[in-house]
Amino acid sequence: MTTSDTRRAVRLTMLLFFAQPFAIGCWMALIPIVKEGLGLNEAQLAIALMGLPAGIVPTLPLAGRVIGRYGPRRVCMAALPAQALVLWIILLAGGQTALFLALMLFGAVGAFSQVGLNTYAGRLEKERKVGVMSRCHGLWAIGVTVASAMAALASGLPLLWIPLLVSVPGMIAGIFAAGALPRLGADNAGSGPGSRRILDLPPALILISLFALVVAMTEGAMSDWSAVYMAQRLGGEATAAGLAVSVYAGALALGRLFGDALRARVGPVFLARATILVAISGVLLLVAPLPSLAGWLGFALVGLGVSVGYPLGVTAVAALDDRFEGPNIAIMSMIALCGFLVGPPMIGFLAEAYSLRTGLAALLPLLVLSLWLAGFLRPDSAPKSESEAVAGDESEPG
């Protein structure tokens, strides 16, 4: 791959990560409208929303095998229009059961594009020794934010028109990016990587996945409970309390945008342990009997602390071998998703029995454990920054 190919691949990969979640962000903004239109109460909506993870989790291993056979570029080009189509099926659902089934399909299709874009980014990092994973995940979060804002602004239009303005442009941009991506060596394999028994999985894959699980549990807990926590601290000021989510999410995106440069400078293990220590300090601020100002700082520190954990995990499992990149990423994603789903209810049960501070404190021993698990993120060679990789290209004989 030439210098121009490296630059082009980095920018197209970032565009793909930005565009892929437009359908998801559109759906998130339309949930209240769908809830009202179907006449669902909160409990009925909660059950229907479980269709999304119910579709994602069992599909991830299949997605890994398909991507190993056909390559991430082709899989993303097929999955992106399918996502946009299924979004209309969701909006046409006539009741709770239909909504659950449509969301299952949405999650299943999304699993293919999610594993596909992560696999390509992992291959790009390995082949060109250029760090992109953290920035890509930061752009993914920004894509969700932009799409949900666009859908919210268009909410006065007929419901079925809104995807035309939001998810379809994202789909077109994503297909363009995936189709224009330079071909990497493993993208032309033409045959699947084969199957593995559980005993055949590398131990490092399981340990890295457990690291990602702890990070995902913390992410899920903060996303679901930050506003509730601040409402308790502020005496029920719901508007101000809702800003806790923005503080946390903003810090999360900021950390991811700078994560690749930091990884190139200090290495993945040091970066992971340093950021986990930042997350631990944030949780301590949240559970300690301190003024409410400490809560805002705590959410910012936790956001920064967990920002690079998942991207570091994806890079590490993709680097374990060249044949099972997709399956490895799928396994780690499945385990991490379980953490994202388990974390919030675990906090809720502890909050009901004791207090919300106690529930959040339950994250501390898990985060301490992740300091040890972070040691398995060490690759054979740390990726260089994009400028270093390009400089290396320019020094090679033509």
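For the pair Phe258/Val308, no side-chain contact is recorded, criterion being any heavy-atom separation below 4.5 Å from C-beta on. Taking the side chain as every heavy atom from C-beta outward, Thr315 and Leu312 never approach each other to under 4.5 Å. For the pair Ser333/Ile329, a side-chain contact is recorded, criterion being any heavy-atom separation below 4.5 Å from C-beta on. Phe299 is listed as a side-chain neighbour of Met222, based on a closest heavy-atom distance under 4.5 Å. Contact annotation: the side chain of Asn118 approaches that of Phe17 to within less than 4.5 Å [non-hydrogen atoms, C-beta and beyond]. At least one side-chain heavy atom of Leu103 sits less than 4.5 Å from a side-chain heavy atom of Leu99. Using a 4.5 Å heavy-atom cutoff, the side chains of Thr97 and Leu101 are in contact. Put simply, the side chain of Gln96 does not reach to within 4.5 Å of the side chain of Leu38, judged on heavy atoms.
Taken from CZ in Arg256 to CH2 in Trp140, the straight-line distance is 8.5 Å, to the nearest 0.5 Å. Note that OH of Tyr120 is 10.0 Å distant from CZ of Arg183, once rounded to the nearest 0.5 Å. Interatomic distance, Leu160 CG to Trp88 CH2, rounded to the nearest 0.5 Å: 8.5 Å. One finds the CG atom of Leu52 at 10.0 Å from the CZ atom of Phe100 (value rounded to the nearest 0.5 Å). If you take OG1 on Thr13 and CZ on Arg73, they are separated by 10.5 Å, rounding to the nearest 0.5 Å. Taking OG1 of Thr218 as the start and CG of Leu364 as the end, the distance is 9.0 Å to the nearest 0.5 Å.
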message: As a quick check of understanding, evaluate side-chain contact (heavy atoms from CB on, under 4.5 Å) for Asp260 and Arg263, giving each step before the final call.
response: CA-CA 5 Å; Asp260 294 317; Arg263 175 162 59 106; 3.3 Å; yes
Ile31 vs Leu49, side-chain contact (heavy atoms from CB on, under 4.5 Å): CA-CA, chis, key distance, verdict: CA-CA 9 Å; Ile31 289 175; Leu49 292 177; 4.2 Å; yes
query: Stepwise, does the side-chain contact (heavy atoms from CB on, under 4.5 Å) test hold for Trp296 with Met230?
result: CA-CA 8 Å; Trp296 300 110; Met230 288 309 298; 3.4 Å; yes
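With hydrophobic clusters built from ILVMFWY side chains whose heavy atoms lie under 4.5 angstrom apart, Leu85 does not share a cluster with Leu91. In terms of hydrophobic clustering, with Ile, Leu, Val, Met, Phe, Trp and Tyr side chains grouped at heavy-atom distances under 4.5 Å, Phe211 and Phe270 are assigned to a common cluster. Cluster annotation: Leu92 is not connected to Met104 through the hydrophobic network of ILVMFWY side chains, with a link wherever side-chain heavy atoms come within less than 4.5 Å. Linking Ile, Leu, Val, Met, Phe, Trp and Tyr whenever their side-chain heavy atoms come within less than 4.5 Å leaves Val166 and Leu153 in two separate clusters. Under the 4.5 Å side-chain contact rule for hydrophobic residues, Leu366 and Phe349 do not share a cluster.
By the ring-ring contact (aromatic ring centres under 6.0 Å, His included) test, Tyr248 pairs with no residue at all, sequence neighbours left out.
Within the structure, every pair that satisfies the side-chain hydrogen bond (donor to acceptor under 3.5 Å, both in side chains) test and touches residues 99-115, not counting sequence neighbours, is listed here: Gln20-Ser113, Gln83-Ser113.
Other residues, nucleotides and ligands place no more than 12 heavy atoms under 6.0 Å from the CE atom of Met28.
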